[in-house]
Structures are given as structure tokens and as C-alpha cells.
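Quantities reported herein were computed from a predicted structural model and do not represent experimental measurements. Reminder, nothing fancy here: chain letters follow the sequence lines and each chain counts from 1.
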2 protein chains.
Amino acid sequence: MSLRIALLGLLAASGPASGYDLAKKFETSVAHVWQAGHSQIYPELAKLTADGLVAVEAEGPRGRKIYTITPEGDAELRRWLMEHTPSTTLRSESALQAFLVPLLDPRDGVAVLRRIKKEVEGRLAELEALRAAKNAADARSPGEPPNRFGAYALDLGIRQSRAALEWAEDAMADLERAT
Amino acid sequence: MSLRIALLGLLAASGPASGYDLAKKFETSVAHVWQAGHSQIYPELAKLTADGLVAVEAEGPRGRKIYTITPEGDAELRRWLMEHTPSTTLRSESALQAFLVPLLDPRDGVAVLRRIKKEVEGRLAELEALRAAKNAADARSPGEPPNRFGAYALDLGIRQSRAALEWAEDAMADLERAT
DNA sequence: GTTGGCATGTAACCGGTTACATGATTTT
DNA sequence: AAAATCATGTAACCGGTTACATGCCAAC
């Protein structure tokens with residue numbers, strides 16, 4: 001379900017696009033929130049077309065098909081946003097490692113936490129770079145209202161990464177005390 | 001892969017248990033980090049047995065089988081903890097909603113954020129209750145070192161929930177400014 | 001003319017969810 | 001005697017990942 005919504009959302013926010021375009025946008029903009037490769041996107045666009053939620057607006061060179069969101073698609077998107085209660089299923093390998101770390105002796109545990117911390121730092125850097133790029137883009141079109149599409153999710157990711165960073169530092173300190 | 005590890009971890013930390021027991025522990029202790037139902041656990045235990053990572057220690061009434069972790073299983077667990085780089089694939093329906101919220105008009109957006117905030121509050125309350133229960137259990141066995149198994153992951157969850165809560169409040173304020 | 005990026009698709013596989021199915025023991 | 005809980009399993013389905021497969025067009 002969520003994949004359809006993500007596709008409808010991208011079409012609604014950025015206008016008509018091909019499957020190829022959408023796959024790229026997945027990588028660059030929605031990636032920190034939802035992932036999908038082209039092998040998932042193409043069939044899903046076909047289904048969305050069959051269901052009347054998107055339509056092929058035009059065909060370009062190299063078999064390029066440009067999809068637009070239909071009014072029905074737009075309605076579906078809004079309905080989901082306002083009515084769907086998101087599933088809370090959380091699956092994090094990092095958190096699982098954190099869960100199990102006390103099984104190791106403290107030295108090894110600290111090493112694992114150090115690795116997790118580095119990953120979080122990397123993620124945080126990526127997200128902050130994305131935000132900087134977004135801010136720069138907003139600054140280039142003055143007068144116009146800044147495009148907030150995706151900005152809230154970015155902010156959420158940054159805050160949660162920072163929380164994870166502080167956690168890793170404190171957990172390491174706690175483990176070292178036990179050494 | 002992670003399911004095997006979670007099972008090995010539970011067996012390592014809490015001693016021998018049946019598939020039924022493990023399914024319960026999933027609900028009560030690992031749930032905020034990884035989920036699995038009995039229909040997934042039973043076949044996986046069979047595979048783990050075939051691979052020599054766990055063994056049936058005893059059989060009880062009602063066909064109850066009690067599994068223990070083997071030395072090989074323990075080695076596998078430690079190896080994974082220390083060597084496996086966790087996948088960073090993050091999939092959050094809430095974050096996807098947050099991403100798309102700017103597509104709605106501000107009033108509706110605020111309503112969506114308010115709902116997300118309530119869910120986060122609920123989750124935070126659950127995690128804090130878990131931690132309180134854990135602390136109480138530690139207090140009941142004085143002198144003994146507190147059982148830190150799962151504690152770090154719990155702490156991580158609580159911090160990230162708090163970060164999400166602050167985010168929701170700030171995002172709502174931001175959206176209301178735009179009304 | 002060859003390399004690289006554009007562009008679309010299919011197929012095999014794997015992990016996870018829901019539903020189906022069965023039976024033993026304990027509690028009321 | 002009936003209901004609840006213990007206890008184990010299987011099967012169908014669905015979403016996602018990896019790998020396979022093909023061809024067009026532009027730049028070098």
C-alpha cells in the first residue's frame with residue numbers, strides 16, 4: 001500500500017514523471033523514509049494505471065512513459081494521509097544489536113556501539129547535506145514560499161539521528177564504567 | 001537472518017525455552033526492536049536445529065520442546081553482533097505521512113500531525129512502563145548486578161520517541177503559522 | 001564504434017503476515 | 001461439560017530484493 005502512496009505523493013508534489021524519474025526521486029528524496037527500486041516501481045505504476053489512480057499522459061523517446069496523477073489518485077492520496085493509521089512495526093537491525101550488546105563482554109560491547117555510532121553519524125551527515133541542499137534551493141527562488149515537501153520528514157530524521165548519537169555516547173560511557 | 005539472531009539472543013540471555021515461550025518473549029521484550037509470530041518462529045527453530053545452532057534439550061507435556069543454544073549457536077550470535085553491519089533500510093509509514101503532509105492544506109496537515117503525536121505518546125508510555133518494570137525487577141534482587149539485557153535498546157527507543165514528540169510539536173507550530 | 005546513461009520490463013527468491021488446522025491440559 | 005490457555009505446526013499470499021534481460025540514444 002505504502003509504495004502506491006509514495007508514488008502518488010511524488011507525482012502530486014513534483015508533477016508528471018516517468019518510472020525512471022520516480023526511481024531517481026526515490027533515491028534522492030524519499031529514501032530516508034521509504035525505499036523502492038525500479039523493479040518494484042514499474043509493475044506498481046502499471047497497477048495504478050489499471051486502477052485509474054494515475055494515467056499515461058504522454059510517451060517520449062526510448063519508450064519513455066510519462067505518468068500523471070488522476071483526480072481519483074489525488075483523492076486516494078489525501079484519504080490515506082488523513083485516515084490511515086500508520087503501522088508501528090519497527091524493525092531495526094541496529095536496535096537489535098543494541099538490545100543484545102549486554103551479552104558481550106564490555107570491551108566487545110563498546111566496539112559494537114562505536115560502530116553503530118559511526119553509522120548514525122554518517123546518516124546524520126547525509127540528512128544534513130540534504131537539508132542544506134533544500135535550503136539553498138529555497139534561497140535561489142526568493143519571494144516564492146519555500147517548498148516544504150519532505151522538509152518535515154527530513155527534520156524528523158535529523159532529530160532522531162541526533163537522539164541516537166547521544167544514546168550511543170551515553171551507552172558507551174555506561175559500558176566503560178562496567179569494564 | 002535477524003530472526004535467527006533474535007532467537008539465539010533470547011536463548012542466550014534467558015536460558016532454555018520452548019517455541020511458545022520464545023513467541024511470548026518476542027511480544028514482551030524484543031517487540032520494540034523486532035517482531036515475529038509463532039508461525040515464523042517454529043519453522044525457524046527447526047532450521048536452527050538442523051544447522052546445529054540450537055538443540056532440543058527436553059520434551060515436556062503437550063509436545064512441548066525445550067530448546068537450548070549450542071556452542072556453535074553462541075559463536076554465531078557473537079560473530080553477528082561483532083561483525084555484521086546492520087542494514088540501514090528504514091521504513092516508516094509515520095515518516096512517510098510526515099513527508100507528504102505539506103501536500104495537504106495546513107488545517108488537515110495539523111490534524112495528521114496531531115494523530116502522529118498521539119501515537120508517539122502511546123509508544124513512549126509503553127516503553128517507559130517497560131523500563132519501570134525492569135527497574136522494579138532489578139530493585140527486587142539487591143546486591144546482584146542489574147540485568148542490562150535489552151536496557152540499551154529500551155533507552156534508545158525512549159530517546160527517539162521523545163525526539164519524535166518534540167518534532168511533532170514543532171512541526172504543528174510551523175504549520176499553524178502558515179494557516 | 002564503443003561506452004555510458006536512459007528506459008522498461010520479468011523472474012526467482014526470501015522474509016513476513018494472515019489464516020487455517022489440530023490437539024492436549026487446566027480452569028471454571 | 002465447556003471455555004481458556006498451552007502448544008505446535010502448515011499454507012496461501014504479499015511485499016521487497018536481487019538478478020536477469022533487452023534495447024535506445026548521446027557523447028566521445
Over all strands shown, is B:Arg62 touching base, sugar-phosphate only, or nothing at heavy-atom distances under 4.0 angstrom?
base
N/O (side chain, A:Lys24) to phosphate O (OP1/OP2, C:dG5) under 4.0 Å:
no
Remember a base hit wins even if backbone is also touched, and classify A:Ser39 as base, sugar-phosphate or nothing at under 4.0 Å, heavy atoms.
base
Charged N to carboxylate O under 4.0 angstrom, B:Arg159 versus A:Asp170?
yes
Rounded to the nearest angstrom, tell me the gap between atom CD in B:Glu27 and atom P in D:dC6.
11 Å
Want to settle it: does B:Pro61 or A:Ser2 sit nearer the 5' end of DNA chain D, counting the closest nucleotide to each?
B:Pro61
Here the distance between atom C1' of D:dG16 and atom CE of A:Met1, to the nearest Å, is 16 Å
Regarding the side chain of B:Asp21, the nearest nucleotide among D:dT17, D:dA7, C:dG15 is D:dA7
Among D:dT8, C:dC6, D:dG16, the one nearest any side-chain atom of B:Arg91 is D:dG16
Residue mapping more 5' on DNA chain C - nearest nucleotide basis, A:Ser18 or B:Lys47:
A:Ser18
A:Glu44 CD to D:dT17 C1', straight-line distance once rounded to whole Å
15 Å
What is the ring orientation for B:His84 with B:Trp80, classed by angle as parallel under 30°, tilted 30 to 60°, or perpendicular over 60°?
parallel
Is B:Gln35 close enough to C:dG16 that one of its side-chain N or O atoms is under 4.0 Å from OP1 or OP2 there?
no
D:dG9 phosphate, OP1 or OP2: any side-chain N/O from B:Tyr42 under 4.0 angstrom?
no
Take the protein atom NE2 of B:His38 and the nucleotide atom P of C:dG23, then report the distance between them rounded to whole Å.
16 Å
Any non-hydrogen side-chain atom of B:Val30 less than 4.5 Å from a side-chain atom of A:Leu96?
yes
Using whole Å, report how far CD1 of B:Ile5 lies from C1' of C:dG16.
17 Å
Can you find a pair of side-chain heavy atoms, one from B:Tyr67 and one from B:Leu10, that are under 4.5 Å apart?
no
What integer distance in Å separates A:Phe26:CZ from C:dT8:P?
15 Å
Between CD1 of A:Ile41 and P of C:dT8 the distance, given in whole Å, is 10 Å
Nearest whole angstrom, please: distance from the C1' of C:dT17 to the CH2 of B:Trp34.
15 Å
Carboxylate-amine/guanidinium contact B:Glu76 B:Arg79, below 4.0 Å
yes
Counting heavy atoms from C-beta on, name the nucleotide in C:dG16, C:dT8, D:dG9 closest to the side chain of B:Tyr67.
D:dG9
How would you label the contact of A:Arg4 with the nucleic acid (heavy atoms, under 4.0 Å): base, sugar-phosphate, or nothing?
nothing
